[in-house]
**Student:** 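There's a structure below that I have some questions on.
What you are looking at is a predicted structure, and each value in this text was computed from that prediction instead of being measured. Residue numbers start from 1 in every chain, and the chains themselves are labelled A, B, ... in the order their sequence lines are given, proteins ahead of strands.
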Amino acid sequence: MKWVYIEDLPKHENQRVEIRGWVYNKRSSGKIRFLIIRDGTGYVQGMIYSNKKDSPLFEKFDKLNQESSLHIRGEVKKDKRAPGGYEISVSDIDIIQIAESYPITPKEHGTSFLMKNRHLWLRSSKQNAVLQIRTEVIKAIRDFFDNRGFRLMDTPILTPSACEGTTTLFETEYFDQSAYLSQSGQLYNEATAMAFGKVYCFGPTFRAEKSKTRRHLIEFWMVEPEIAFAQLDDIKKLSEDLVLYIIERVLENKKTELEILERDTKPLEGVKKPFPKLTYEEVLEKMKEKGRKLDFGDDFGAPEETLISKIFKQPVCITHFPAKIKAFYMQPDDKRPDLVLGLDVLASEGYGEIIGGGQRIHDLKLLKERIKEHNLPEKDYAWYLDLRKYGSVPHSGFGLGIERTVAWICNIKHIRETIPFPRLLYRIYP
RNA sequence: UCCUCGGUAGCUCAAUAGGCAGAGCGGGUGGCUGUUAACCACUAGGUUGGGGGUUCGAGUCCCUCCCGAGGAGCCA
């Protein structure tokens, strides 16, 4: 008999099939019994009916408990009463294993308990939906860049020194010297962009910051495009197109998952070009209107980000930040040398920053000055400075945080649920 | 690192003012012809996070340590 995945059941209406999976839940009522089976691709109800109380199928059914593994065979039937619209009229059950008493019951649990059991929590329907949307987001991102001729250039995870010198790094042994886990692929990508024109890297990044908020992970995934000859306006457009494309793809291909999450898709469907574009100083004005006074040079904190993204229904592009609050490699504005051509994109619905980037300094002398001002050891940046010696060109890029993007699309409060095994402050198990 | 809150059955929580530690879910047993986190009955299940103190008596009050959650700073 044909082994079929639950997501493909509609193609097999009125056929006899085999499903291989796990018991999600069961109910019984005398001569009729129901079994909810999951196989990773979906959930389906199995129905067993018998006049005989001692039916061998009933005996097997009674032995089953939550998460027991099994094969079932039976006919696929359309039935409005069944969750998902289809059910299987079960004619045969092969039990693979009777599970031990499963800790995650169909009732409510606390976050701490669920995180401790993350390896099992992944089996539940909402977690399944979030992570299936994550895979679609990642696929969409890769297609977006691949289709536009970007070259995938993976950057190293073990690095000899700080990339940006701002955030704390994880230190590890590298034979007889120290190495640090990458916190960004950007600097290396500036090198590959000079070799390949337009590139992107996609990988994990590590921040040893003791951040403990719903928007932070210690280990997270980021996609970082970098384009030679591109200026701020070019990546503004690119970031807009990228965000739109990701949303379109999820809306198109992950309807069921969005339904499981009870995600209201209207705000996502409403995301359209052009996104509102503001400068840092214009945002300060908006803040003042809303009664939040900030001085020039103050960075936006979580409350400001939340406020901005609530004022606009669209994601918001913010540019032209004070040089002081941005990284050393940011290109200054010709007209306003105290400002840099940085770019942040804040997701709507209060989700805050998902993209950070900007135009990089391409002038050797200026870059050297900035390295000095930031008290960074110039010799560590020798190769980086080389890029400004041999045919230096203006170039720009940005990073998009995968987990924050998924959290926004799924309308999940905390980003820890958007990665299979989140690394958090005070939690590295399982 | 700082601020706030919490730790009681496998899980989620309750326990008036310091006075016999309880419920629902899950487990077990039995019942029910279409259930939707099914339902009904019965049943087992506890060193109240660790240590110390106050008290005739501590889940409850005090000290301390451990663990976790929410948030801040920083950032994607």
**Student:** For the side chain of A:K212, starting at C-beta, report the closest nucleotide among B:rG34, B:rA72, B:rA76.
**Tutor:**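 Ranking B:rG34, B:rA72, B:rA76 by closest atom to the A:K212 side chain puts B:rA72 first.
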
**Student:** Counting heavy atoms from C-beta on, name the nucleotide in B:rG27, B:rA69, B:rU35 closest to the side chain of A:S101.
**Tutor:**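 The closest nucleotide is B:rG27.
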
**Student:** Using the salt bridge (charged side-chain N to carboxylate O under 4.0 Å, His left out) criterion, which residues pair with A:E18? Sequence neighbours excluded.
**Tutor:**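 Salt bridge (charged side-chain N to carboxylate O under 4.0 Å, His left out) list for A:E18, sorted by chain: A:R20, A:R73.
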
**Student:** Any carboxylate oxygen within less than 4.0 angstrom of a Lys/Arg side-chain nitrogen, looking at A:E226 and A:K198?
**Tutor:**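 Result for this pair is no, no salt bridge flagged.
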
**Student:** Would you mind classifying the nucleic acid contact of A:I32 as base, sugar-phosphate or nothing, using non-hydrogen atoms under 4.0 angstrom?
**Tutor:**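 Base: the residue A:I32, judged by heavy atoms under 4.0 Å, touches a nucleobase.
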
**Student:** Salt bridge check: are A:K372 and A:E369 linked by an N-O gap of less than 4.0 Å?
**Tutor:**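 No, no charged N to carboxylate O under 4.0 Å.
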
**Student:** Side chain of A:Q45 only, heavy atoms from C-beta on: which candidate in B:rA76, B:rU35, B:rG73 is closest?
**Tutor:**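 Of the options given, the side chain of A:Q45 lies nearest B:rU35.
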
**Student:** With A:C201, which residues qualify under side-chain contact (heavy atoms from CB on, under 4.5 Å), at least two apart?
**Tutor:**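 Scan of A:C201 (side-chain contact (heavy atoms from CB on, under 4.5 Å), adjacent residues dropped) gives A:T155, A:N189, A:E224.
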
**Student:** Under 4.0 angstrom, heavy atoms only, what part of the nucleic acid is A:Y49 near: base, sugar-phosphate, or nothing?
**Tutor:**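 Base: the residue A:Y49, judged by heavy atoms under 4.0 Å, touches a nucleobase.
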
**Student:** Looking only at side-chain N and O atoms, does A:R416 come under 4.0 Å of OP1 or OP2 in B:rG70?
**Tutor:**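 For B:rG70, OP1 or OP2 has a side-chain N or O of A:R416 closer than 4.0 Å.
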
**Student:** Using side-chain heavy atoms (C-beta onward) and a distance below 4.5 Å, is A:E240 in contact with A:K277?
**Tutor:**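 Heavy-atom side-chain distance check passes, below 4.5 Å.
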
**Student:** Name all residues meeting the side-chain contact (heavy atoms from CB on, under 4.5 Å) criterion together with A:L70; count only those two or more places apart in sequence or in a different chain, and write none if there are none.
**Tutor:**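 For A:L70, the residues satisfying side-chain contact (heavy atoms from CB on, under 4.5 Å) (neighbours in sequence not counted) are A:V23, A:L35, A:I37, A:L64, A:I72, A:I93.
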
**Student:** I'd like the P distance from B:rG26 over to B:rG68, given in whole Å.
**Tutor:**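 My reading of the P atoms in B:rG68 and B:rG26 gives 29 Å.
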
**Student:** Of the nucleotides B:rU35, B:rA69, B:rG70, which one has an atom closest to the side chain of A:F34?
**Tutor:**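 Nearest to the side-chain atoms of A:F34, counting from C-beta on, is B:rU35.
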
**Student:** Could you check which residues of residues 117-133 of chain A get a heavy atom under 4.0 Å from RNA chain B? Sort them by number, please.
**Tutor:**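 Result for residues 117-133 of chain A: none.
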
**Student:** Got a sec, which pairs hit side chain to side chain donor-acceptor pair (under 3.5 Å) with one end in residues 280-289 of chain A, sequence neighbours left out?
**Tutor:**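 Side chain to side chain donor-acceptor pair (under 3.5 Å) check on residues 280-289 of chain A returns A:E281-A:R336.
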
**Student:** Going by the rule salt bridge (charged side-chain N to carboxylate O under 4.0 Å, His left out), which residues pair with A:D154 if we only count those two or more places apart in sequence or in a different chain?
**Tutor:**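 With neighbours one apart ignored, the set is empty.
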
**Student:** Return the stacking result for B:rA76 and A:F220: yes when the ring centres lie under 5.5 Å apart and the planes under 30°, no otherwise.
**Tutor:**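 Stacking is present between B:rA76 and A:F220, given that their ring centres fall under 5.5 Å apart and the planes under 30°.
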
**Student:** Who passes side-chain contact (heavy atoms from CB on, under 4.5 Å) against A:K313, sequence neighbours left out?
**Tutor:**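 side-chain contact (heavy atoms from CB on, under 4.5 Å) list for A:K313, sorted by chain: empty.
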
**Student:** Can you tell me, in whole Å, how much space there is between the C1' of B:rU8 and that of B:rC40?
**Tutor:**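 Their C1' atoms lie roughly 29 Å apart.
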
**Student:** For nucleotides 6-13 of chain B, print each protein N/O atom paired with a nucleotide N/O atom at under 3.5 Å, atom names and distance only.
**Tutor:**
{"unit_1": "B:rC11", "atom_1": "O2'", "unit_2": "A:E108", "atom_2": "O", "d": "3.4"}
{"unit_1": "B:rC11", "atom_1": "O2'", "unit_2": "A:H109", "atom_2": "ND1", "d": "2.4"}
{"unit_1": "B:rU12", "atom_1": "OP1", "unit_2": "A:G110", "atom_2": "N", "d": "3.1"}
{"unit_1": "B:rU12", "atom_1": "O4'", "unit_2": "A:E108", "atom_2": "O", "d": "3.4"}

**Student:** Not counting sequence neighbours, which residues clear ring pair (Phe, Tyr, Trp, His ring centres under 6.0 Å) with A:F145? List them please.
**Tutor:**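 Here the qualifying residues are A:F150, A:Y200.
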
**Student:** If you look at every strand shown and take non-hydrogen atoms under 4.0 Å, does A:G352 touch a base, only sugar-phosphate, or nothing?
**Tutor:**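 It contacts nothing in the nucleic acid.
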
**Student:** Is there a donor on the side chain of A:R33 or the base of B:rC32 sitting less than 3.5 Å from an acceptor on the other?
**Tutor:**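 Such a pair does not exist between side chain and base.
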
**Student:** Is the phosphate of B:rC32 approached by A:R27 (side-chain N or O, under 4.0 Å from OP1 or OP2)?
**Tutor:**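 So the side chain of A:R27 is outside the cut-off, no N or O lying under 4.0 Å from OP1 or OP2 of B:rC32.
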
**Student:** What's A:D79 touching, base or sugar-phosphate or nothing? Going by heavy atoms closer than 4.0 Å.
**Tutor:**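 Contact class for A:D79: base.
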
**Student:** Using the salt bridge (charged side-chain N to carboxylate O under 4.0 Å, His left out) criterion, which residues pair with A:K273? Sequence neighbours excluded.
**Tutor:**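 Residues passing salt bridge (charged side-chain N to carboxylate O under 4.0 Å, His left out) with A:K273: A:D241.
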
**Student:** Expected output check: what is the dot-bracket annotation of RNA chain B, where ( ) and [ ] are pairs inside the strand (brackets for crossing ones), | is paired with another strand, and pairs are Watson-Crick or G-U under 3.5 Å?
**Tutor:** (((((((..((((.....[..)))).(((((.......))))).....(((((..]....))))))))))))....

**Student:** For A:R423, which residues count as a salt bridge (charged side-chain N to carboxylate O under 4.0 Å, His left out) partner, sequence neighbours excluded?
**Tutor:**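 If we apply the salt bridge (charged side-chain N to carboxylate O under 4.0 Å, His left out) test to A:R423, skipping adjacent residues, there are no hits.
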
**Student:** Indicate, yes or no, whether a donor-acceptor pair under 3.5 Å links the base of B:rG34 to the side chain of A:E87.
**Tutor:**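 Present.
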
**Student:** Where the side chain of A:N25 is concerned, which of B:rG26, B:rA38, B:rA69 is the nearest nucleotide?
**Tutor:**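 Of all the options, the side chain of A:N25 is nearest to B:rA38.
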
